[in-house]
Amino acid sequence: MEILRQHVEALLSPALAALGINNDHWKSMISVSREKNMGDLSLPCFAFAKQLSMAPNEIAEKLKAAIETNDVVDDINSTAGYLNFKASRNWLAEYIISGNIRIGDAEVNSSDGSKSVLIEHTSANPNGPFHVGRARNAILGDTIVRLNRLYGNNVRSEYYVDDMGKQVAVLAWALANLDAKEVEKILSDREPVNEMWESKPDHNRVRWYQAAQVLRGDDSKKHEIEKAIGEMVHASENGDHEVLLSFENAYQPVLDGMLETLNRLRINFDEFTKESIFVTNGDVSNIMQKLSTLEIHGIAENGAEYLDLGARGLKGKTEFYYKRGDGSSLYATRDIAYHIWKYTQCDKLINVLGEDHKLQSKQVSMTLNELGHDTPEVLFYSFIKLPEGKMSTRKGNVVFMDDLLEEAKAHAAEVVKEIRTDYSDEQISHIAEAVGTSAVRFNIIKVSPDKGFTFRWEEALSFDADSAPFIMYSHTRSRSIAKKCSDLGVAYQPEDAAVILQNPTNIPDSMFELLRAMATHNDALMRSVEQNRPNLFANQLLNLANHYNGFYRDCKVISNGEVNQTYLAVSEIASKLLRSGMIGLGIEPLERM
RNA sequence: GGGCGCGUAGCACAGCUGGAUAAUGCGUCGGCCUCCUAAGCCGAAGAUCGCGGGUUCGAAUCCUGCCGCGCCCGCCA
């Protein structure tokens with residue numbers, strides 16, 4: 001309720017001055033009321049107690065007596081040492097109906113020259129299909145992208161393609177040296193690929209990768225394979241175009257398959273940047289050169305080079321190696337080159353990384369600092385576990401995103417079929433797809449990223465309150481009302497605000513609660529974006545949907561064939577806010593469901 | 001062993017820069033469809049905020065010790 005702040009400050013200022021409080025420190029003490037029924041903004045008076053030698057509640061009472069309510073703040077009360085200010089119903093209704101709440105659009109970049117943000121997320125090795133654990137990165141990252149756009153930032157999303165490491169080399173080696181029969185023989189003790197995904201290249205080619213991994217553990221073949229792979233890695237690091245091309249031919253179909261899965265979740269990227277670029281264009285060797293001149297630089301016996309980050313306060317492992325004994329670079333070195341390049345593209349960087357990358361990320365940031373660069377904001381997330389324990393492709397203990405999406409859609413279809421008997425199969429399929437994918441996204445977004453949560457099918461497929469369908473349902477109700485009104489010949493036009501406001505309407509509690517939820521909507525968005533915590537905004541949207549439902553219950557927009565214009569205006573603005581917020585979270589807004 | 005993170009009702013999860021009766025969902029119990037989509041709404045029961053110390057007028061929130069869980073501690077990516 002930041003919109004109320006200046007009004008409250010104006011009221012408080014003279015009253016506090018009269019008590020002898022003349023500095024502005026109290027302004028930062030005004031905060032959003034915890035007790036929603038007491039007020040919107042509150043001033044705790046405890047801090048004044050000593051200075052004024054008065055009890056806090058006495059101070060609050062004195063202030064209350066000294067302040068006159070007005071059209072904006074029409075309720076001031078003092079309880080237990082708090083002075084509470086509540087926005088006036090009519091003022092708030094007028095404020096919102098007049099179109100003062102910013103709606104935003106998560107699908108476009110602002111063009112007003114605002115801050116440009118480069119968000120790198122997912123960047124998974126292109127060697128196999130997404131399981132729910134790996135997909136947490138993509139869902140969090142894409143949501144941050146969307147919320148930044150909704151907030152008004154200029155955003156570019158990037159996938160950093162690891163096109164030259166050992167993992168890709170293993171895949172390329174396997175594809176060149178093994179045929180399908182051999183692969184299936186090697187993997188005969190494992191679960192076969194779900195036939196539904198047999199022709200999907202991420203599910204298909206990962207078999208070659210897995211078979212190669214098995215062979216790499218086989219003592220009789222290990223040597224020969226390691227040598228071959230080692231040569232490929234080495235060649236790729238020297239920028240050997242032929243090898244890099246064979247790598248690309250190996251991983252690109254896999255990556256395409258993975259992106260197909262993300263696409264179904266409405267996750268897209270603006271740019272794909274290949275790791276090898278920074279080797280072939282000389283950036284990496286330039287950086288290694290620069291690093292070797294730093295005072296915290298060190299050289300190991302075999303010529304490998306590192307930075308002593310312990311000298312800069314890093315605890316635990318202090319040596320950060322950026323160059324191997326053979327002179328080649330390491331993943332982190334290339335990542336540093338990538339970051340420096342990223343800073344030539346944008347003002348601010350955000351990375352989304354698994355918690356296993358914390359140390360690595362810290363090393364990269366500290367090194368960037370040494371080189372005089374800014375450091376990225378990083379959102380770390382914990383892993384998703386299964387009830388049986390850690391997710392592991394090797395043990396067959398995984399839930400693939402493709403399977404989850406199918407399952408979610410099927411479950412949604414069941415629900416729709418049961419309660420909407422008049423819908424066509426096509427309609428049901430469309431709704432089920434939207435509900436299924438939205439629910440999957442939302443279940444991951446709504447929990448705090450640093451919480452390691454356990455994946456459970458019954459929860460992933462729960463469409464009750466606290467889920468995407470709950471929000472979608474509220475939105476659908478608002479669309480249904482708009483359609484009915486339009487059928488009656490009444491359409492909401494934002495320009496008519498002044499006319500609508502000429503007819504005062506009764507504002508019941510539940511409508512007031514909705515208005516308050518709308519008034520705090522952008523406060524929540526700001527917090528969510530500034531702190532890179534999508535779950536905060538997910539919560540806001542649940543809150544908004546919840547209050548819309550209360551409004552829906554008590555304020556009939558259409559009654560006896562007559563449209564209440566004020567209610568319709570509020571319903572429509574709430575609807576827009578729900579819609580833009582849903583798109584911000586990657587939830588698909590439907591007209592009917 | 002060291003570093004980082006987490007620990008809130010039977011389960012899951014929220015709690016913004018310390019503040020008033022710790023929010024919400026699932027599950028349990030009870031109520032609401034002649035009226036804009038009941039995937040909804042209303043009500044009840046259910047919490048020593050891991051344990052101990054400290055700072056403060058005030059701590060789930062900050063500091064510290066311990067316990068439990070996760071991740072990391074490669075010249076891998």
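Each chain gets a letter, A, B and so on, in the order the sequences are listed, and its residues count up from 1.
Between C13(B) and Arg456(A), no contact under 4.0 Å exists linking OP1 or OP2 to a side-chain N or O. Regarding contacts with the backbone of G7(B), a side-chain N or O of Lys451(A) is found under 4.0 angstrom from either OP1 or OP2. Between Lys358(A) and C6(B) there is no side-chain N or O to OP1 or OP2 distance below 4.0 Å. An OP1 or OP2 oxygen of C75(B) is reached within less than 4.0 angstrom by no side-chain nitrogen or oxygen of Asn302(A). Side-chain nitrogen and oxygen atoms of Lys446(A) include none within less than 4.0 Å of the OP1 or OP2 phosphate oxygen of G25(B). In this model, the phosphate group of C36(B) is not approached by any side-chain N or O of Asn560(A) to a distance below 4.0 Å at OP1 or OP2. Neither OP1 nor OP2 of C36(B) sits under 4.0 Å from any side-chain N or O of Arg553(A). Between Arg324(A) and the phosphate of C76(B), there is a side-chain N or O to OP1/OP2 separation shorter than 4.0 Å. Contact annotation: Asn539(A) side-chain N/O to G25(B) OP1/OP2 distance is not under 4.0 Å.
Aromatic ring centres of Tyr306(A) and Phe320(A): separated by at least 6.0 Å. The ring of Tyr548(A) has its center closer than 6.0 angstrom to the ring center of Phe551(A).
The separation of U34(B) from A38(B), taken at their C1' atoms, amounts to 15 Å, rounded to a whole angstrom. Distance check on atom C1': A12(B) versus G27(B) gives 11 Å, rounded to whole Å. Straight-line distance between the C1' atoms of U61(B) and G70(B): roughly 22 Å, to the nearest whole Å. Comparing the same atom, P, in C42(B) and in U55(B) gives a spacing of 45 Å after rounding to whole Å. For the P atom pair drawn from G3(B) and C63(B), the interatomic distance equals 15 Å after rounding to whole Å. Rounded to whole Å, the C1' atom of G5(B) lies 25 Å from the corresponding atom of U48(B). The same atom, C1', is picked in A47(B) and in A9(B); the two are 5 Å apart, to the nearest Å. As rounded to the nearest Å, C49(B) and A60(B) have C1' atoms that lie 5 Å from one another.
Between Arg479(A) and Glu572(A) there is a salt bridge, with a side-chain nitrogen of the basic residue lying less than 4.0 Å from a carboxylate oxygen of the acidic one. Between Arg516(A) and Glu513(A) there is a salt bridge, with a side-chain nitrogen of the basic residue lying less than 4.0 Å from a carboxylate oxygen of the acidic one. Under the 4.0 Å criterion applied to side-chain N and carboxylate O atoms, Glu237(A) and Arg324(A) are assigned as salt-bridge partners.
Look at CE on Met593(A): it is 18 Å from P on C36(B), rounded to the nearest Å. His357(A) has its NE2 atom 15 Å from the P atom of C76(B), to the nearest Å. Distance, Leu83(A) CG to A20(B) P: 16 Å, rounded to whole Å. As a whole-Å value, the separation of Asp356(A) CG from G70(B) C1' is 11 Å. Across the protein-nucleic acid pair, Leu514(A) atom CG and G40(B) atom P stand 18 Å apart, rounded to whole Å. Going from atom CZ of Phe380(A) over to atom C1' of C6(B) covers 15 Å, rounded to whole Å. In this structure, CG of Leu379(A) is placed 13 Å from C1' of G5(B), rounded to the nearest angstrom. The separation between Asp450(A) atom CG and A14(B) atom C1' is 13 Å, rounded to whole Å.
Across all strands, Leu330(A) comes closer than 4.0 Å only to sugar-phosphate atoms, never to a base (heavy-atom distances). No engagement by Gly452(A) is indicated, since no non-hydrogen atom pair under 4.0 Å with the nucleic acid exists. No engagement by Met472(A) is indicated, since no non-hydrogen atom pair under 4.0 Å with the nucleic acid exists. Among the heavy atoms of the strands, none lies under 4.0 Å from Val168(A). Counting non-hydrogen atoms under 4.0 angstrom, Tyr306(A) reaches nothing in the nucleic acid. Residue-level contact check: Cys555(A) touches the bases, meaning some heavy atom is under 4.0 Å from a base atom. Across all strands shown, Arg34(A) has heavy atoms under 4.0 Å from base atoms, whether or not it also approaches the sugar-phosphate. When heavy atoms are screened at a 4.0 angstrom cut-off, Lys50(A) is found touching the sugar-phosphate backbone but no base atom. Backbone-only contact: Leu359(A) has heavy atoms under 4.0 Å from sugar-phosphate atoms and none from a base. In this structure, Leu542(A) reaches neither bases nor backbone, as no heavy-atom distance under 4.0 Å exists between it and the strands shown. Looking at heavy-atom distances under 4.0 Å, Ser448(A) makes contact with sugar-phosphate atoms alone, never a base. Contacts of Glu305(A) with the nucleic acid, taken as non-hydrogen atoms under 4.0 Å apart, are absent. Base contact: Val557(A) has a heavy atom under 4.0 Å from a base atom. Contacts of Arg592(A) with the nucleic acid, taken as non-hydrogen atoms under 4.0 Å apart, include base atoms.
Comparing atom distances between the Tyr321(A) side chain and each of A77(B), C75(B), G15(B) picks out C75(B) as nearest. In this structure, of A39(B), A77(B), C16(B), it is A39(B) that holds the atom nearest to the side chain of Tyr473(A). Out of G3(B), C36(B), U17(B), the shortest distance to the side chain of Lys315(A) is found at G3(B). Listed nucleotides C36(B), C71(B), U24(B) differ in distance to Glu355(A); the shortest reach to its side chain belongs to C71(B). Among the nucleotides G15(B), C36(B), A77(B), the one closest to the side chain of Tyr552(A) is C36(B). The Asn125(A) side chain lies nearest to A77(B) when the options are A77(B), C36(B), A38(B). Comparing G5(B), A38(B), A77(B) by their closest approach to the side chain of Tyr331(A) singles out A77(B).
Using the Watson-Crick or G-U wobble rule with both distances under 3.5 Å, C13(B) pairs with nothing in any strand shown. The pairing partner recorded for C76(B) is none, the criterion being a Watson-Crick or G-U wobble arrangement whose two distances lie under 3.5 angstrom. Base-pair partner of U28(B): A44(B) (Watson-Crick or G-U wobble, both distances under 3.5 Å). Of the nucleotides present, G5(B) is the one that pairs with C69(B) by Watson-Crick or G-U wobble criteria, both distances under 3.5 Å. Base pairing of U61(B) is not made with any nucleotide, judged by Watson-Crick or G-U wobble geometry with both donor-acceptor distances under 3.5 Å. Nucleotide C49(B) forms no Watson-Crick or G-U wobble pair with any nucleotide shown, as no partner meets the under 3.5 Å limit on both distances.
A donor-acceptor pair shorter than 3.5 Å can be found between the side chains of Ser575(A) and Ser478(A).
The cationic group of Arg136(A) does not satisfy the cation-pi geometry with Tyr381(A), failing either the under 6.0 Å distance to the six-membered ring centre or the 45° limit from the ring axis.
Put simply, the side chain of Leu514(A) reaches to within 4.5 Å of the side chain of Leu544(A), judged on heavy atoms.
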Original post:
Given the rule in the ring-ring contact (aromatic ring centres under 6.0 Å, His included) test, do Phe463(A) and His411(A) qualify, once you have shown the distances and angles that lead to the verdict?
Top reply: CA-CA 9 Å; Phe463(A) 298 158; His411(A) 180 66; 4.9 Å; yes
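In terms of the salt bridge (Lys or Arg N to Asp or Glu O under 4.0 Å) criterion, residue partners of Glu275(A) (sequence neighbours excluded) are, by chain and number, Arg334(A).
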